[in-house]
Student: 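This structure is in structure tokens; I'll ask about it shortly.
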There are 2 protein chains.
Amino acid sequence: MSKPAARIRLADAAFVLFDERGYERTTVDDIAERAGVGRTTFFRHYRSKEAVIFPDHDRLLELIRDRLATSSESTALVAVSDAVRLVLLHYIDEGDLARRRYALTSKVSALRDREIASVARYQRLFREFIADWMGDPTEAASLRAELMAAAVVAAHNHVLRRWLRGESADPVAEVDEAMREVLALFPTPQSPGGRDDDGTTLVAFRTSQDLDALLPSLRRLIEDNP
Amino acid sequence: MSKPAARIRLADAAFVLFDERGYERTTVDDIAERAGVGRTTFFRHYRSKEAVIFPDHDRLLELIRDRLATSSESTALVAVSDAVRLVLLHYIDEGDLARRRYALTSKVSALRDREIASVARYQRLFREFIADWMGDPTEAASLRAELMAAAVVAAHNHVLRRWLRGESADPVAEVDEAMREVLALFPTPQSPGGRDDDGTTLVAFRTSQDLDALLPSLRRLIEDNP
DNA sequence: CTTATGAACGGTACTCAGTACCGCACGGTG
DNA sequence: CACCGTGCGGTACTGAGTACCGTTCATAAG
């Protein structure tokens, strides 16, 4: 018990020293020394000085990949929401650690950049999954997959950052709500009927006119665009 | 004319050497030597080895900021589209240089990460502008601004990458079209009527049913939610 | 008990990016 | 001529990251 696996001690030492002296003014030697290990050992456990404060993104990415893989065509969007919730929960489980990391990434641009790069990998995963799910290889579908993936991770990050700043009491409910909003932006081709796309399409709008006053124009639109 | 401003020679040398030996296997000394200048001079012109291949993001950010600043409330979305087009045109003006950079960022993860970090700065700029424009300080509006900014830069990057890969003959037309699609995703609060929010609200959906078959339910919904 | 094996660690030495500082040459201006 | 700002080169340093080697120690095999 006096040896909590050097890896942990290194991370602890790093956080303490980064808090005390700041990130740039802390050397890897400092961290290793405080953890009571050699410098070599540090690089055995963490690829770089930056990596020591970040969660295991590779493992998280695998988690997402797994969740997405276990979905049929009709549950694809549920899988996306689930995967997003999974990531959020991972951060929440970290608790204080996640908040200390947030404080660091807010101050040190090198760390912020690295975090952003990681987020891009999640976005790529979602983009590829969504594009696959759409099946449609056209340019329009490709763009829509890109937009959707961007919106999905933006929603997650928005809620996550709110929670990190202590602005959210129930981040899970918030992320679910945010995901609903994201998915609502994109027309879902979940036509349960049978053959698709020969029904009625309504566009969304808000108006101060009465529904009855609009009906004639609506009917005309529908008739003119078969 | 034998001295095309060391800065240019350094960039040229860097691209040539990166092509020849790859990025990691090229040292700053190599670049400086090939450019016929001292190592110190390299760092006088470029903050880092990575910076030598990237365009002047600070200047581009200023360009965007300026374009966005010269917009009224009613032309905000036009300003966003213009700003996006501005960035795209900047890359197109670079021509072959932009494509060589793309080849590098596709292979070297360190460069890709840096590019992604730059993109995030553009996204932040758009997010702040859009949030300002919305005026609404609620959480819902904040999320919508985030989503919109993410979609805007995703659309730009999508078209840009297509052009970089030689898949687009008319990227400007494509980005305009993509921006229209993005803005169409978000209900525009351009209610030209007068006082707002005591009329009829329609939700967006696509169905295979006839409009007439839906009307009774619609009316019931409207009556039940005044 | 002895030996082989493999994993985890520490130490040394190296490359290279990035910074700090100093001194030199040049061109214009008084 | 003297003065001064600018651009450049050289030297020396810090610190991240890599390569390599030797040591320790626990466990399994003999």
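A note on names: the letters A, B, ... follow the listed sequences, proteins ahead of strands, and every chain is numbered from 1. As a basis for the values below, the full set of heavy atoms in this structure was taken, side chains included, without hydrogen atoms, waters or symmetry mates.
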Student: Roughly, in whole Å, what's the span from CG in B:D30 to C1' in C:dA17?
Tutor: 13 Å
Student: Specify the separation, in whole Å, of atom CZ of A:F43 and atom C1' of D:dA19.
Tutor: 13 Å
Student: Using whole Å, report how far CG of B:D29 lies from P of D:dT11.
Tutor: 12 Å
Student: Please indicate whether B:E33 has more than 12 foreign heavy atoms, meaning atoms of other residues, nucleotides or ligands, lying under 6.0 Å from its CD.
Tutor: no
Student: I would like to know whether A:Y122 and A:H156 meet ring pair (Phe, Tyr, Trp, His ring centres under 6.0 Å); could you show each step before the answer?
Tutor: CA-CA 11 Å; A:Y122 291 89; A:H156 167 271; 7.7 Å; no
Student: What is the distance, rounded to the nearest whole Å, between atom CG of B:L10 and atom P of D:dG7?
Tutor: 14 Å
Student: Indicate yes or no: does A:D113 engage B:R121 in a salt bridge with an N to O separation below 4.0 Å.
Tutor: yes
Student: Closest nucleotide of DNA chain D for A:T26 versus for B:G38: which of these residues is on the 5' side?
Tutor: B:G38
Student: In plain terms, say whether B:E62 and B:R59 are close enough for a salt bridge, that is, a side-chain N and a carboxylate O under 4.0 Å apart.
Tutor: no
Student: How many Å lie between OH on A:Y46 and C1' on D:dG15, as a whole number?
Tutor: 20 Å
Student: How close or far is atom C1' of C:dA17 from atom CZ of B:R47, stated in whole angstroms?
Tutor: 15 Å
Student: Can you measure B:F42 atom CZ to C:dG18 atom P for me and round it to whole angstrom units?
Tutor: 8 Å
Student: Give the nucleotide from the list C:dC9, D:dG9, C:dA17 with an atom nearest to the side chain of B:R44.
Tutor: D:dG9
Student: Is any N or O donor-acceptor pair between the side chain of B:R7 and the base of D:dG7 shorter than 3.5 Å?
Tutor: no
Student: With a cut-off of less than 4.0 Å, is there a side-chain N or O of B:H45 near OP1 or OP2 of D:dG7?
Tutor: no
Student: Rounded to the nearest Å, what distance is computed from the CZ atom of residue B:R39 to the C1' atom of nucleotide C:dG18?
Tutor: 7 Å
Student: Would you call B:K107-B:D19 a salt bridge at under 4.0 Å N-O?
Tutor: no
Student: Would you say C:dG10 has OP1 or OP2 under 4.0 Å from some side-chain N or O of A:T41?
Tutor: yes
Student: Does the base of D:dG10 carry an N or O that pairs as donor and acceptor with the side chain of B:T40 under 3.5 Å?
Tutor: yes
Student: Between C:dG18, C:dG10, D:dA16, which nucleotide has the shortest distance from any of its atoms to the side chain of B:K49?
Tutor: C:dG18
